[in-house]
Amino acid sequence: MTALGACFIPWARAADVPRFSLGVASGFPRPDGMVLWTQLSGHDLPERVEVRWEIAADEQFKTVLAKGLEVAEAAWGWSVHAELSGLPPDRWFWYRFHALGGQSMVGRTRTAPAPDAGTTLKFATASCQRYDMGHYAAWRQVVLDEPDLVMFLGDYIYEYGSRPDALRRHYGGLVSTLAQYRQRYQQYKSDPLLQAAHAACPWLFIWDDHEVDNDYAGLQGQSLQPHFGLQRAAAYQACWEALPLPKAMRPSGSDARIYGALNWGRLARILLLDDRQYRDPQACPKPSRGGSNTVTRQSCPELAAPERSLLGREQERWLAQAWDTQRPWNLLAQQTLMAPFAWSDPAGADGGLVWTDGWDGYAPARQRLLDTVAERKLAGAVVLGGDVHTHYVTELHRHAHDPRSPVVATEFCGTSISSLSLPQARIEAAAKLNPHVHYARGDARGYIGFTLSEKRLEARLMAVDDALQVDSAVRIAARYVVEAGRPAVVKD
């Protein structure tokens, strides 16, 4: 029986059919609870299925602390999003599900510390796990690291079809319907290393473009396809069904609010952004296309238009008020590289060559964000990103393009789990033109592991030796430290 339930055995009893082949997951931990997730699989599922869950203080479930019932409905892909409360803070737990005579695998999760608790946080950031380009050896190492939390920063699936010579091919071609998005998620979630990472600890999640359509902006697709709102609605629904997202994030049509904030004791505030749903279309696109382009600043005056926004003005206003001036750290989890990154000399007459899909395409919005960080004196502001399939470590200056202005934040942008990057020689040549970039390597897949205490943030840039091998070794490529109260990165 495959994870997609494609095999039908007419004489099989319901209890013999794997009903939990997509695994289990948890997410969005609070001091008293979290979201527990699963999704039923297999043939001939009823329209509504009662699913029991239980959570225990031990892996053998000798001390069951809570249990409950959720109804999985066909209309929402038979997904379960159980929202627990009443648990003690800062504790680890084990959970499982039961339905139709079957039992799920056991997952491990935890609550966040109490709001006034002194604590530490061990977490990983990851993004961009294109299934047909590589194996998920990075996820095996994440599990071995035993983090408190995983922050996934976008591109959980890819909507493309696969080349005939792909390492492991996508089912079907380019996806655009609810059934197709559901099948793509199911294929990705059939991977045992990804399942193990979900079962190991709670996740936070934000999407980027490939959960819907490459380089989409608001209600505009890359190919300017008509009725794109219907496609976005289908993609958002399949995403919510497949991940441990709260019920409050369940989409209504083509709208779904995923941005928000949560605290980790008195140590840190984590701010989650959405840089797709509310953005203005990219400036100076290619003829008859939407999406990104690479242009010089001089050739595209629209890049400097102050009214353009990557986050949308409502989300910008929310973020300006959501920063925490009491906790020593603010972790901004967003999708891409925030630091300026010119691909030709930014001091030249043309202002340098920039990519319009990232923050360089929305420079005034970036400046508004950095101004707020400086004005509120947020000494522990750390930007976390993904998207560009390259490990970048940068310092963010008050005036983004002026390296003489004060550093107001640090940035760690992680490479991909499996998606390919640009040639390393090209990345190195460009990095030399951007002195605020301290590290730039796109020649290895991986993730970033962090350990955060009240006094310092330690970052380990992890690199997979060979993403074409499922059992590849994973090594530490570099280490960096940020000291509390000093917005600067130091190589460890």
Side-chain H-bond candidate by donor/acceptor type, Thr177 with Gln180, under 3.5 Å: yes

Donor on one side chain, acceptor on other, Trp207 and Asp274, under 3.5 Å: yes

Derivation of the side-chain contact (heavy atoms from CB on, under 4.5 Å) call for Leu331 and Leu384: CA-CA 7 Å; Leu331 306 178; Leu384 308 170; 4.2 Å; yes

Arg475, CZ: over 12 other non-hydrogen atoms inside 6.0 angstrom: yes

Atom pair CG/CD1 of Leu194 and Ile417 - distance to nearest 0.5 Å: 8.5 Å

Over all atoms of both residues, closest heavy-atom pair of Tyr181 and Glu211: CE2-O, 3.5 Å

Side-chain (Gln335) to main-chain (Leu273) donor-acceptor, under 3.5 angstrom: yes

Short side-chain donor-acceptor distance under 3.5 Å, Ser418 and Arg445: no

Ion pair check, Lys247 and Glu70, cut-off under 4.0 Å: yes

Salt bridge flag under 4.0 Å for residues Asp360 and Arg366: yes

Short side-chain to backbone donor-acceptor contact, Thr390 and Arg441, under 3.5 Å: no

Ring center gap for Phe341 and Trp359 short of 6.0 angstrom: no

Heavy-atom pair with the smallest gap, counting every atom of Cys201 and Pro147: CB-O, 3.5 Å

Neighbour count above 12 (heavy atom, 6.0 Å) for Glu50 CD: no

Test item: Asp132 and Gln187 side chains (from C-beta on) under 4.5 Å apart, heavy atoms: no

No-hydrogen, no-angle side-chain donor-acceptor test under 3.5 Å, Ser104 and Arg19: no

Heavy atoms of other groups near Arg479 CZ, more than 12 under 6.0 Å: no

salt_bridge(Asp324, Arg266) N-O dist < 4.0 Å: no

Distance-only polar pair, side chains of Ser472 and Asp466, donor-acceptor under 3.5 Å: no

Trace of the side-chain contact (heavy atoms from CB on, under 4.5 Å) decision for Arg313 with Trp318: CA-CA 9 Å; Arg313 284 309 181 107; Trp318 168 84; over 6 Å; no

Flag if over 12 foreign heavy atoms under 6.0 Å of CZ, Arg48: no

Other residues, nucleotides, ligands: >12 heavy atoms within 6.0 Å of Glu314 CD: no

Sub-6.0 Å ring centroid separation between Phe228 and Tyr216: yes

Between Ser419 and Tyr158, a side-chain donor and acceptor under 3.5 Å: yes

Steps toward side-chain contact (heavy atoms from CB on, under 4.5 Å) verdict (Thr336, Val388): CA-CA 7 Å; Thr336 192; Val388 290; 3.8 Å; yes

Gap between atom CG of Asp443 and atom NE2 of His391 - 0.5 Å precision: 9.5 Å

Residue pair Ser309 / Glu316, side-chain donor-acceptor N/O under 3.5 Å: yes

Pro202: which of Arg110, Met34, Arg108 passes side chain to side chain contact (heavy atoms under 4.5 Å, CB included): Arg110

Side-chain donor-acceptor pair present, Gln282, Asp357, cut-off under 3.5 Å: yes

Rounded distance [0.5 Å steps], CZ in Arg232 versus OG in Ser176: 15.5 Å

Euclidean distance, Gln315 CD relative to Leu310 CG, rounded to 0.5 Å: 8.5 Å

Within the 6.0 Å centroid threshold, strictly below: Tyr156 and Phe152: yes

Residues in side chain to side chain contact (heavy atoms under 4.5 Å, CB included) contact with Leu224, at least two apart in sequence or another chain: Gln220

Heavy atoms from other residues, nucleotides or ligands near CD of Gln60 exceed 12 (cutoff 6.0 Å): yes

Intermediate values then yes/no, salt bridge (charged side-chain N to carboxylate O under 4.0 Å, His left out), Asp209 and Arg279: CA-CA 12 Å; Asp209 55 338; Arg279 68 159 68 192; over 6 Å; no

Which atom of Arg52 lies closest to which atom of Leu69, heavy atoms considered: CG-CD1, 3.6 Å

Cationic N near anionic O, under 4.0 Å, Arg130 to Asp155: no

Aromatic ring proximity, centroids under 6.0 angstrom, Phe412 and Tyr392: no

Lys NZ or Arg CZ of Arg169 over Tyr171 ring: under 6.0 Å, within 45°: no

Worked verdict on Ser79 versus Glu241 for side-chain hydrogen bond (donor to acceptor under 3.5 Å, both in side chains): CA-CA 5 Å; Ser79 61; Glu241 292 171 353; 5.6 Å; no

Distance, nearest 0.5 Å, that separates CZ of Phe450 from CD of Glu458: 11.5 Å

Gap between atom CG of Leu271 and atom CG of Leu262 - 0.5 Å precision: 8.5 Å

Which pairs would a plain distance check flag for residues 23-33, meaning a side-chain donor or acceptor within less than 3.5 Å of a matching protein atom at least two apart in sequence or in another chain?
residue : atom : partner : partner atom : Å
Ser26   : OG   : Thr109  : OG1          : 2.8
Arg30   : NE   : Asp32   : OD1          : 3.4
Arg30   : NH2  : Leu84   : O            : 2.4

Gln334 and Val383, any side-chain heavy atoms less than 4.5 Å apart: yes

Mutual orientation of the aromatic rings belonging to Tyr136 and Tyr131 [parallel < 30°, tilted 30-60°, perpendicular > 60°]: perpendicular

Pair Leu167-Leu468, side-chain contact (heavy atoms from CB on, under 4.5 Å): steps then yes or no: CA-CA 8 Å; Leu167 179 69; Leu468 301 182; 4.1 Å; yes

Distance-only polar pair, side chains of Asp145 and Gln141, donor-acceptor under 3.5 Å: yes

Salt-bridge criterion met for Glu54 and Arg96 (N-O under 4.0 Å): yes

Main-chain N/O of Ala320 paired with Thr372 side-chain donor or acceptor, under 3.5 Å: no

Side chain to side chain, Tyr259 and Ile206, heavy atoms closer than 4.5 Å: no

Trp139 and Trp203 aromatic centres sub-6.0 Å: yes

Shortest non-hydrogen contact between Leu100 and Pro46, atoms and distance: CD1-CD, 4.4 Å

Pair Trp53 and Tyr95, ring centroids less than 6.0 Å apart: no

Proximity of Trp240 and Trp76 rings by center, below 6.0 Å: yes

Under 3.5 Å side-chain donor-acceptor pair for Asn263 and Arg269: yes

